[in-house]
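For this chain, numbers begin at 1 and follow the sequence in order.
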Amino acid sequence: MNKPWLAHYPAGVAATIDVAAYGSLVELLDAAFKRHGGKTAYTFMGRPIAFSEVERLSRALGAYLQSLGLKRGDRVAAMMPNVPQYPVAIAAILRAGFVLVNVNPLYTPRELEHQLKDSGAKAIVVLENFATTLQQVAAKVPTKHVIVASMGDLLGLKGLVVNTVVRRVKKLVPAFSLPGSVSFKQALIEGRRMSLKATKVGPDDIAVLQYTGGTTGVSKGAMLLHRNLVANILQSEAWYGPAVAKVPKDQQFTVVCALPIYHVFGFTACIMLGMRMGSRNILVANPRDMGAVFKDLKGEVFHSFPAVNTLFNAMANHPEFGSVKWRNLVLSVGGGSAVQSGTAALWLEKTGCPICEGYGLSETSPSASCNPVDSTAYTGTIGVPLPNTELALLDDDGREVPMGTPGEIAIRGPQVMAGYWKRDDETAKVMTQDGFFRTGDIGVVDERGYFKIVDRKKDMILVSGFNVYPNELEDVVSKLPGVLECAAVGVPDAKSGEAVKLVIVKKDPALDEAAVRAFCEAQLTGYKKPKLIEFRAELPKSAVGKILRRELREAKK
């Protein structure tokens with residue numbers, strides 16, 4: 001395969017790296033605790049937590065989990081927002097020899113029941129705010145061991161302060177009853193009386209079942225092996241190197257962890273990469289509460305901000321944006337969904353740090369490509385393949401398409417999953433004979449080896465035989481003054497098969513349909529223009545901030 005992208009790698013980043021430096025995530029964790037013990041691993045509500053403290057707490061929790069009679073390879077779920085108990089639970093589950101199942105705490109009972117049944121999770125660590133959801137399905141799932149965490153467990157504050165914090169949070173805790181459950185604190189107390197038994201975990205063992213978002217069908221568990229995740233952590237570290245090198249030696253590299261840890265982007269790019277690098281993660285429990293986010297960041301020195309387009313956009317447009325010191329920012333990584341050019345331009349103008357858009361999926365641990373971190377401007381592409389990674393564009397028959405021709409993006413590399421949990425039929429649909437994972441995303445590549453996503457196959461709108469790509473429409477319309485957010489979807493149409501429907505959230509209340517139509521008339525060819533225009537107060541989004549076009553398509557027309 002021709003790899004033109006290698007000529008555009010940043011100085012100091014190798015085309016191939018040793019992705020087998022650790023035999024497992026357990027080895028990586030143990031090395032991190034030994035190397036970075038005295039450093040701060042997490043800051044939450046102003047309270048620092050050291051790597052050595054995470055080691056001690058995870059050792060106790062891991063020993064407690066082992067005492068429940070679970071066997072090596074059993075699945076243990078974690079259902080929490082970004083609170084310090086989450087990374088402690090991650091380390092405990094992995095060090096005890098179990099498989100981590102990341103669970104979205106905002107799941108409905110139906111969604112939670114599916115994931116716990118499908119994974120066969122025998123135990124779960126859940127924040128009490130979401131325990132009522134678990135209660136509703138407890139009798140129907142195989143998950144019989146329940147550890148309930150409380151927001152104040154690890155705050156380590158005294159007297160009035162912690163009481164005030166916990167009282168405020170308690171208001172958000174619906175009543176629940178989970179007979180036989182134990183508190184997070186009690187599990188730690190009992191675990192401290194025990195020893196964590198060493199378990200032999202190898203590179204080909206499953207480390208994490210990472211469930212796909214379910215936006216394209218039934219949620220499936222991607223089997224991420226220890227070697228897949230180790231590889232992606234080391235690939236990301238190598239790629240971010242030129243940006244990290246800009247940070248003064250007397251400052252600890254610090255990441256704003258506003259991405260949910262249960263999402264693969266936050267799990268790998270914030271928590272696990274942070275373990276490897278000895279970075280400090282500022283944990284943001286609820287990125288939708290903008291006031292709280294800016295309060296958390298005031299006075300903080302931080303260097304990395306990985307996020308999705310909607311978060312970059314919301315923050316850059318927030319009146320308190322200037323209350324935060326952005327001058328230390330050296331790395332803004334966009335992923336999860338397409339970064340829009342208008343958002344990228346505003347972010348660069350306000351922070352001086354360009355968004356480096358990357359690309360990946362749950363099935364690829366997640367990162368597969370990224371723009372060079374020494375870029376000085378937004379490129380409108382997903383960059384080039386990471387070290388040890390190949391991207392190809394395939395037609396429906398699996399043949400590579402000519403340069404400049406749209407094709408399905410396929411990925412081959414050490415970060416690609418082993419397959420879907422108990423779904424050989426679904427695995428066979430996405431894996432080629434020669435080891436490429438077919439993503440379902442349509443892309444093009446230029447002569448430099450830079451890839452650009454055109455759209456998802458399922459999101460493409462077919463108007464009278466012409467392909468209309470929502471990403472293109474959204475990028476154009478987002479530049480119209482007065483538009484805060486927008487989404488384009490296809491709706492049935494008697495004449496053209498499908499027509500374009502545009503849904504807009506206003507920034508300027510005076511914006512009207514006539515202004516939008518006039519703008520589209522000047523910017524878009526006939527078949528791409530929206531037939532229907534709708535204004536809404538907000539767009540439906542997944543927990544990680546991805547706009548759910550499916551919900552817009554399914555809404556009553």
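In the displayed structure, Lys246 atom NZ is contacted under 6.0 Å by more than 12 heavy atoms of other residues, nucleotides or ligands. Heavy-atom neighbours of Arg35 CZ from other residues, nucleotides or ligands within 6.0 Å: at or below the threshold of 12.
Side-chain atoms of Glu113 do not come within 3.5 Å of backbone N or O of Thr108 as any donor-acceptor pair. Between the Thr43 side chain and the Gly46 main chain, no donor and acceptor come within less than 3.5 Å of each other. Between the side chain of Trp421 and the backbone N or O of Ala222, no donor-acceptor pair lies under 3.5 Å. Between the side chain of Gln135 and the backbone N or O of Ala131 there is no donor-acceptor pair closer than 3.5 Å. Proximity of a side-chain donor or acceptor of Thr351 to a complementary backbone N or O of Trp347 within less than 3.5 Å is detected. Panel note: side chain Ser181, backbone Val148; no donor-acceptor pair is recorded below 3.5 Å. Remark: side-chain polar atoms of Glu485 are not paired, donor with acceptor, to backbone N or O of Glu538 under 3.5 angstrom.
For the pair Lys39 and Phe51, the cation-pi test (distance below 6.0 Å, angle within 45°) is failed.
There is no side-chain donor-acceptor pair under 3.5 Å between Asn104 and Tyr211. Checking Ser219 against Glu111 by side-chain atom types alone, no donor-acceptor pair falls below 3.5 Å.
Under the side chain to side chain contact (heavy atoms under 4.5 Å, CB included) rule, Val208 has a single partner from Val101, Val99, Leu100, which is Leu100.
Asp205 has its side chain out of reach of Ser24: every pair of non-hydrogen atoms, C-beta onward, lies at least 4.5 Å apart. For the pair Leu94 and Leu29, the minimum side-chain heavy-atom distance is below 4.5 Å.
Classification of the Phe294-Phe321 ring pair by plane angle, with boundaries at 30° and 60°, yields perpendicular.
For Trp326 and Phe302, the gap between ring centers is short of 6.0 Å.
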